[in-house]
Novice: 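Structure below; questions to follow.
All values below were derived from every heavy atom in this structure, side-chain atoms included, with hydrogens, water molecules and symmetry-related copies excluded. Counting convention: from 1, in listed order, for ligands and their atoms alike. Keep in mind that this is a model prediction, so the values were computed, not measured.
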Amino acid sequence: MIDLHTHTNFSDGTDSPTQLINKALAAGISVLGLTDHDSISGWQEAITALRPGISLVPGAEISCQTPDGISVHILGLLFDSENLELMSTMQATRENRHGRMAKIITRLNEAGIEISMQDVLDQLADGATLGRPHLADALVKKGVVASRDEAFTQMLHNKSKYYVSHYSPLPEAAIKMIKAAGGVSVIAHPMASHRGRTISLETFGSLIDAGLDGVEVDHRDHSPDEKTQLIELAKQNNLVMTGASDYHGNGKLNQLGEYVTMPEQWERLEARANKRRVIKL
Ligand code: AMP
Ligand code: ZN
Ligand code: FE
Ligand code: FE
């Protein structure tokens with residue numbers, strides 16, 4: 001099985017890269033994409049933990065935003081980790097996430113919810129990308145909510161009055177940077193409408209013009225209707241179609257391999273990178 005979109009505790013997943021590799025092997029996954037938010041810090045441990053039977057597709061999920069404020073996640077896979085532009089863009093996003101978290105905390109405090117930056121940082125592994133799930137974990141620890149999911153449903157979702165966005169590149173810019181770094185780009189969960197506003201067909205066209213390689217069709221957050229629309233769009237524009245779990249360990253219900261990419265689609269995608277960068281023993 002091929003699962004191209006997963007997270008570890010180097011962002012907001014709960015498993016270490018070693019645990020992820022072990023669980024992926026046990027789940028029957030032979031090709032695993034490691035795509036922490038705005039970071040490649042987990043690659044090294046994942047490479048060390050590799051075992052026969054599983055190949056690693058190094059990647060990252062790049063947080064992007066359109067000019068009208070719609071959040072877009074672009075999966076970058078198989079890019080050169082020495083590309084300075086891409087690395088510094090991710091670094092800028094990671095750093096900005098701290099100021100953004102402080103603003104969300106201020107809004108919560110003003111509403112009488114007691115939580116501090118330190119409470120949130122206590123939930124974060126060393127060197128990890130800070131995100132709302134860590135705030136959710138801190139709220140669970142304080143007894144304000146029962147679970148990450150409840151935290152998002154009640155107060156941390158994108159339409160909440162506490163929501164603050166962070167610096168993110170334009171999706172077109174991220175796609176171009178990934179391509180310049182020799183990698184391939186796939187738009188993650190493009191129609192997951194319950195997460196917030198999603199991009200228009202027009203924006204989709206502009207991402208394709210920027211060099212988008214693929215679209216994540218099979219994902220837990222897509223309805224059957226949304227999948228049908230995405231398949232149509234992918235066929236019309238010669239885009240690779242992927243499926244993936246977006247696994248976050250215990251942080252979400254998503255299970256490894258619950259959605260997968262077909263081998264012929266994966267072959268097409270991998271062939272679009274400028275170099276063979278899949279890592280295996
Ligand atoms: P952020 O990157 O700080 O904007 O937070 C977004 C992250 O929160 C995404 O990676 C999602 O995986 C995660 N997330 C969104 N909704 C939920 C939920 N209901 N339960 C757990 N995690 C969620
Ligand atoms: Zn996440
Ligand atoms: Fe995402
Ligand atoms: Fe993700």
Novice: Can you tell me if CG on D126 sees more than 12 non-hydrogen neighbours from other groups inside 6.0 Å?
Specialist: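 No.
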
Novice: Taking CG in L281 as the centre, count heavy atoms belonging to other residues, nucleotides or ligands within less than 6.0 Å. Is the count above 12?
Specialist: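 Yes - once you tally the heavy atoms of other residues, nucleotides and ligands closer than 6.0 Å, there are more than 12.
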
Novice: Minimum heavy-atom separation for H134 to T129, with atom names?
Specialist: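 Scanning both residues completely, I find the closest heavy atoms to be CE1-O, 3.1 Å.
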
Novice: Could you tell me whether ligand 1 has any atom less than 4.0 Å away from a heavy atom of H73?
Specialist: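 Checking ligand 1 against H73, which is what was asked, there is no heavy-atom contact under 4.0 Å.
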
Novice: Starting from atom 8 (O) of ligand 1, locate the nearest protein heavy atom and write down its residue, its atom name and how far away it is, to 0.1 Å.
Specialist: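 I find the closest protein heavy atom is F152 CZ, 3.2 Å.
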
Novice: Measure the distance from atom 10 (O) of ligand 1 to every protein heavy atom, then report the residue, atom name and distance (to 0.1 Å) of the closest one.
Specialist: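 Nearest neighbour among protein heavy atoms for atom 10 (O) of ligand 1, to 0.1 Å: H37 NE2, 2.7 Å.
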
Novice: What atoms of ligand 1 come closer than 4.0 angstrom to any heavy atom of P133?
Specialist: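 In order of numbering, the contacting atoms are 5 (O), 7 (C), 8 (O), 13 (C).
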
Novice: What protein heavy atom sits nearest atom 9 (C) of ligand 1, and how far away is it?
Specialist: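 For atom 9 (C) of ligand 1, the nearest protein heavy atom is D12 OD2, 3.9 Å.
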
Novice: CG of L170 to OG of S206: how many Å apart, nearest 0.5 Å?
Specialist: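 Those atoms lie 8.5 Å apart.
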
Novice: Within ligand 1, which atoms have a heavy atom of H248 less than 4.0 Å away?
Specialist: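 The atoms of ligand 1 under 4.0 Å from a heavy atom of H248 are 10 (O), 12 (O).
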
Novice: Taking the Fe ion (ligand 3) as the vertex, measure the angle between atom OE2 in E61 and atom NE2 in H189; round to 10°.
Specialist: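 Result: 110°, to 10°.
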
Novice: Look up atom OG1 in T93 and atom CD in Q91, then write down how far apart they are to the nearest 0.5 Å.
Specialist: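 That separation rounds to 10.0 Å.
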
Novice: Report yes or no: does H37 have an N/O/S atom closer than 2.8 Å to the Fe ion (ligand 3)?
Specialist: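 Looking at H37, which is the residue asked about, there is no N, O or S atom under 2.8 Å from the Fe ion (ligand 3).
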
Novice: Suppose I only count heavy atoms of R100 and a 4.0 Å limit; which atoms of ligand 1 are within that range?
Specialist: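 Matching atoms, with element in brackets: 1 (P), 3 (O), 4 (O).
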
Novice: Ignoring hydrogens and angles, state whether a donor on the side chain of T242 or Q265 is under 3.5 Å from an acceptor on the partner side chain.
Specialist: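 Per modelled atom types, T242 and Q265 side chains form no pair under 3.5 Å.
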
Novice: Once you round to the nearest 0.5 Å, how far does CD1 of I208 lie from CG of L201?
Specialist: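 That separation rounds to 9.0 Å.
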
Novice: Among protein heavy atoms, which lies nearest atom 12 (O) of ligand 1, and at what distance?
Specialist: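 Of the protein heavy atoms, K252 NZ, 2.9 Å lies nearest.
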
Novice: Which residue holds the protein heavy atom closest to atom 19 (N) of ligand 1, what is that atom called, and what is the gap in Å?
Specialist: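 Minimum-distance protein heavy atom for atom 19 (N) of ligand 1 reads D149 OD1, 2.8 Å.
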
Novice: Going by the atom numbers of ligand 1, which of them fall below 4.0 Å from some non-hydrogen atom of G131?
Specialist: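 Answer, ordered by atom number: 3 (O).
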
Novice: Check step by step if side chain to side chain donor-acceptor pair (under 3.5 Å) holds for R107 and S160.
Specialist: CA-CA 11 Å; R107 291 189 184 187; S160 155; over 6 Å; no

Novice: Protein N, O or S atoms at less than 2.8 Å from the Zn ion (ligand 2), how many?
Specialist: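 If we list every protein N, O or S atom nearer than 2.8 Å to the Zn ion (ligand 2), we get 4.
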
Novice: I need the single residue from K23, H5, K252 that forms a side-chain contact (heavy atoms from CB on, under 4.5 Å) with Y247. Which is it?
Specialist: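 Running side-chain contact (heavy atoms from CB on, under 4.5 Å) over K23, H5, K252 with Y247 returns exactly one hit, K23.
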
Novice: For the Fe ion (ligand 3), which N, O or S atom of H73 is at the shortest distance?
Specialist: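 Of all N, O or S atoms in H73, the Fe ion (ligand 3) lies closest to ND1.
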
Novice: Please check if L108 and L124 belong to a single hydrophobic cluster, counting links between Ile, Leu, Val, Met, Phe, Trp and Tyr side chain heavy atoms closer than 4.5 Å.
Specialist: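 Shared cluster, yes.
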
Novice: Which residue and non-hydrogen atom of the protein lie closest to atom 6 (C) of ligand 1, and at what distance in Å?
Specialist: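 For atom 6 (C) of ligand 1, the nearest protein heavy atom comes out as R132 NH2, 3.6 Å.
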
Novice: In terms of residue, atom name and distance, what is the protein heavy atom nearest to atom 21 (C) of ligand 1?
Specialist: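 So the nearest neighbour among protein heavy atoms is G251 O, 3.4 Å.
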
Novice: Looking at H7, H73, R220, which hits side chain to side chain donor-acceptor pair (under 3.5 Å) with D246?
Specialist: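 Of all the options given, the one that passes is H7.
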
Novice: Closer than 4.0 angstrom: is that true for some heavy atom of R97 and an atom of ligand 1?
Specialist: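 Distance cut 4.0 Å: R97 passes for ligand 1.
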
Novice: Closest approach of S185 and I74, non-hydrogen atoms and distance?
Specialist: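 Heavy-atom minimum between the residues: CB-CG2, 4.0 Å.
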
Novice: Measure up the H248 and H37 rings against each other and bin them: parallel (under 30°), tilted (30 to 60°), perpendicular (over 60°).
Specialist: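 Ring orientation, 0 to 90° scale: tilted.
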
Novice: Do K141 and D122 pass the salt bridge (Lys or Arg N to Asp or Glu O under 4.0 Å) test, and can you show the C-alpha distance, the side-chain angles, and the key distance before you say yes or no?
Specialist: CA-CA 10 Å; K141 189 149 183 241; D122 286 346; 5.7 Å; no

